[in-house]
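Counting convention: from 1, in listed order, for ligands and their atoms alike. Just so it is clear, the values below take in all heavy atoms, side chains as well, and ignore hydrogens, waters and symmetry mates. Keep in mind that what you see is a predicted model, and the values were worked out from it rather than measured.
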Amino acid sequence: MSTEPRRLLPLLSSHRPGRSAVTCEYRCGNACAHPAPNTSANGYFGDVARSVLSRRGALKATAVMSATAAGFAALAGTAAAEPGVPAALAGRGHGGRPSRPVPGTDFEPVAPNTADAVTVPEGYDHEVVIRWGDPVLPGAPRFDFHNQTAEAQAKQFGYNNDFVGLVPQDSSGWRYLMVVNHEYTTEPHMFPAGTYDPDNPTEEQVRIAWEAHGLSVVQTVRDPQGGLKVVPSRYNRRITLNTEFEVRGPAAGSDYLKTSADPTGRKVFGTQNNCAGGVTPWGTILSGEENIHQYFANADAVTDPVEAERLRRYGFQDGESGRKWERFDKRWDIAKEPNEPNRFGWVVEIDPNDPNSTPIKHTALGRFKHEGANIKITKDGRLAVYSGDDERFEYIYKFVSNGRYKPGRSAHARRHNSRLLDDGTLYVAKFTGDSPAEEIDGSGTLPSDGEFDGRGTWIPLASGNVSHVPGMTAEEVYVFTRLAADKVGATKMDRPEDIEPNPVNGRVYASLTNNSDRGVAGKAGADEANPRNGNRNGQVLEWEEDGGDAAATTFSWRLLLVCGDPAAADTYFGGFDKSQVSPISCPDNVTFDSHGNLWIATDGNALGSNDGLFAVPVDGPNRGQVKQFLTVPIGAEACGPVVTDDVVLVAVQHPGEDGTPEDPDSHWPDGGTSPARPAIVAVWRKGKGGRSGRIGF
Ligand code: FEO
Ligand code: CA
Ligand code: CA
Ligand code: CA
């Protein structure tokens, strides 16, 4: 690990700890450097009692963090040295507690490290599947870092890959459509040193950024030697900020969505900041529009107090935008197009099976900073969609359709099922702890009943055109969902990220990445679901809907993991022996393998290691035994991920983002003096390509 201070790019002066300055500026517009937009008085009874305790908790938390930092100074070595890897995990079945590896997790864990490489367990191979600038469409020119054009980028793989979805094209497991989100652009890294001026980007540079956003669809085939190959196909597609979307659901055609370019409020060009997502049971992709605020300029031009508060609640900023797009298209200027911001912040649906389909924005799922969206079928055959709003003190949501799901992936079934997402009830979650308030002191110390756990309620916000929120119309609930949730007493969470139902045990899992503001004066203090003040390492929440029915309006919940250094007192690994787990920090994207093990990708490791991908059993005696499967290169975040029985895919997002164009700190994946390029990586068992080398057996 370098001992030099991080080098900042021009204009990058403040960012949150644990994450690169450039990431903060370009991914979320330095959201953490600004006050959290949720300043609502909304809070449940526990907040008041706990605020008395929160100062004591904050002091304890600080002490724990110092100890953690000291403990992980040792992690600066290489993977080979394996510092920080619990002895029992460095070799299978030794240490104090020999135990049979759980199917799907039988690999030697990778040690925390800071290598400029993807590091996989002994006995595994990996390879880049596709990287920024690689061809997607026919006629795409070869990537030329020194002569990039918007025309080329429109046909090439976009920047900063995040969510990855695999849609099988047959039952053989050999052919998949791979759909990838391109969350955001980091312009200083996308052009040769000295050619991009953040204060004066050229129009062509801005247009390149528009084409580098959105999604890619590529045809892939399994490689008999291992991994996945991209092949030319009529399915290959780029969706960018210039692709036409249809707005559907109860807010389609709303006055709040009308602009001079679209007086109907039903047609939007583009999608942006697509973060996580999900594959639907009918073979389409849901993708969350997340940090939408940072692309727009001049929120201060709006003086009407109601309108101004709506913009503030979503974090829209005054003055020029960071990327200066408003200079080249007035739709990014709130002073000129005050409704354009309302046309982003939705869950979008892409049908990769039909390259001519018009993508959809589903307004019934509400408008906020959607991390992703994942579906569970209710007992009576309807759809429940879970989605988190990824910002400090924001909420967890669920939508339940009125109509019933039709199994199958025919064009008819896809059309029918997609329509279900336009009509139903949108809920927000309230979590109540079952331990006495005084036992939740913000330190992370387990309460006397041995678990952070309790009960929860789904509070309805709107059903179709009927609002359940006093003082707001249904249309307002959908377009300004954060304000609706504030009014009904939803629980302020520690950055809700990916939420997915487990296909094996039926429970639902949510990553809560971190929240350094928890317990700070004037902010919500710890509660049982968010039990640490100054939370730097995050937690993983698990719940089961009452009756095992995703349509239920009540549920039971508990924390599976309270992440961080296992040696620290404020961490919890599902009750598993903490001397036998890998350290994990800042859980973000999640997925499951076919055994129901949870796989967690991290974003912003606060323990000094590069980010990575981890597997953890959630049932049986090994519940909570976190094992690190891979690490990603310097500065990168691990995204995706996809885990099939014989290949793992991870999206390596923003490698080298801490460096400057003049002095890069990553050349991954191409090495030499090449620029770092975000890429999708496949991992498989060495010498067991195709379908013979099963992951983690
Ligand atoms: Fe795009 Fe919530 O991470
Ligand atoms: Ca409890
Ligand atoms: Ca994320
Ligand atoms: Ca996921």
Side-chain angles (χ1 to χ4, degrees), residues 16 18-20 23-24 26-29 31-32 46 159-164 180-186 213 271-278 287-294 315 345 368-373 387-392 394 396 431-441 444-456 493-500 510-515 526-531 538 541-542 556-559 562 572 575 586-591 600-604 611 613 632 636-641 650-654 657 678:
R16 72 177 162 88
R19 175 42 73 208
S20 131
T23 304
C24 289
Y26 285 87
R27 201 240 316 265
C28 56
C32 293
Y159 203 70
N160 270 346
N161 32 229
D162 196 307
F163 169 78
V164 182
V180 178
N181 283 350
H182 301 294
E183 187 180 16
Y184 67 104
T185 48
T186 312
H213 275 76
T271 183
Q272 64 180 202
N273 216 264
N274 300 75
C275 190
S287 168
E289 296 182 331
E290 193 193 11
N291 286 299
I292 54 164
H293 59 289
Q294 58 175 313
F368 44 92
K369 295 182 183 177
H370 283 279
E371 174 76 10
S387 189
D389 183 347
D390 178 14
E391 192 153 16
R392 292 164 293 165
E394 294 301 339
I396 288 175
F431 294 81
T432 309
D434 69 358
S435 290
E438 60 272 19
E439 291 189 10
I440 308 300
D441 64 2
T445 301
L446 284 174
S448 55
D449 69 353
E451 274 197 316
F452 296 113
D453 62 343
R455 296 279 298 158
M493 308 298 286
D494 288 345
R495 291 188 57 202
E497 296 246 19
D498 208 358
I499 304 176
E500 290 207 19
S511 284
L512 300 161
T513 296
N514 54 40
N515 184 351
D527 58 47
E528 202 161 339
N530 304 275
L541 177 66
E542 166 193 81
S556 294
W557 65 269
R558 68 205 64 78
L559 295 187
V562 181
Y572 172 76
C586 301
D588 187 345
N589 298 153
V590 295
T591 193
I600 305 168
T602 65
D603 171 16
D611 277 317
L613 178 63
V632 292
E637 165 183 349
C639 300
V650 64
V652 176
Q653 195 190 49
H654 57 75
E657 203 164 61

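- A search for ring pair (Phe, Tyr, Trp, His ring centres under 6.0 Å) contacts involving H213 returns Y295, W325, not counting sequence neighbours.
- Side chain to side chain, D162 and N181 fail the donor-acceptor criterion of an N or O pair below 3.5 Å.
- Residues C639 and V164 fail the side-chain proximity criterion, which asks for heavy atoms closer than 4.5 Å.
- When all heavy atoms are compared, the tightest approach of A529 to L559 is O-CD2, 3.7 Å.
- Comment: D390 engages R495 in a salt bridge, judged by a side-chain N to carboxylate O separation of less than 4.0 angstrom.
- A side chain to side chain donor-acceptor pair (under 3.5 Å) with E497 is found for exactly one of N514, T513, N589, namely T513.
- Residues F452 and L446 come closest through the heavy atom pair CE1-CD2, 3.5 Å.
- Under the rule for a ring pair (Phe, Tyr, Trp, His ring centres under 6.0 Å), the partners of F368 that lie at least two apart in sequence or sit in another chain are H370, Y397.
- The closest side-chain donor-acceptor pair between D498 and S511, if any, does not fall under 3.5 angstrom.
- The name of the N, O or S atom in E183 nearest to atom 1 (Fe) of ligand 1 is OE2.
- For the Ca ion (ligand 2), protein N/O/S neighbours under 3.0 Å (waters excluded) are D434 OD1, S435 OG, D449 OD1, D449 OD2, E451 O, D453 OD1, E528 OE2.
- The tally of protein N/O/S atoms under 2.8 Å from atom 2 (Fe) of ligand 1 stands at 4.
- D603 and R27 are joined by a salt bridge, as a carboxylate oxygen and a charged side-chain nitrogen come within less than 4.0 angstrom of each other.
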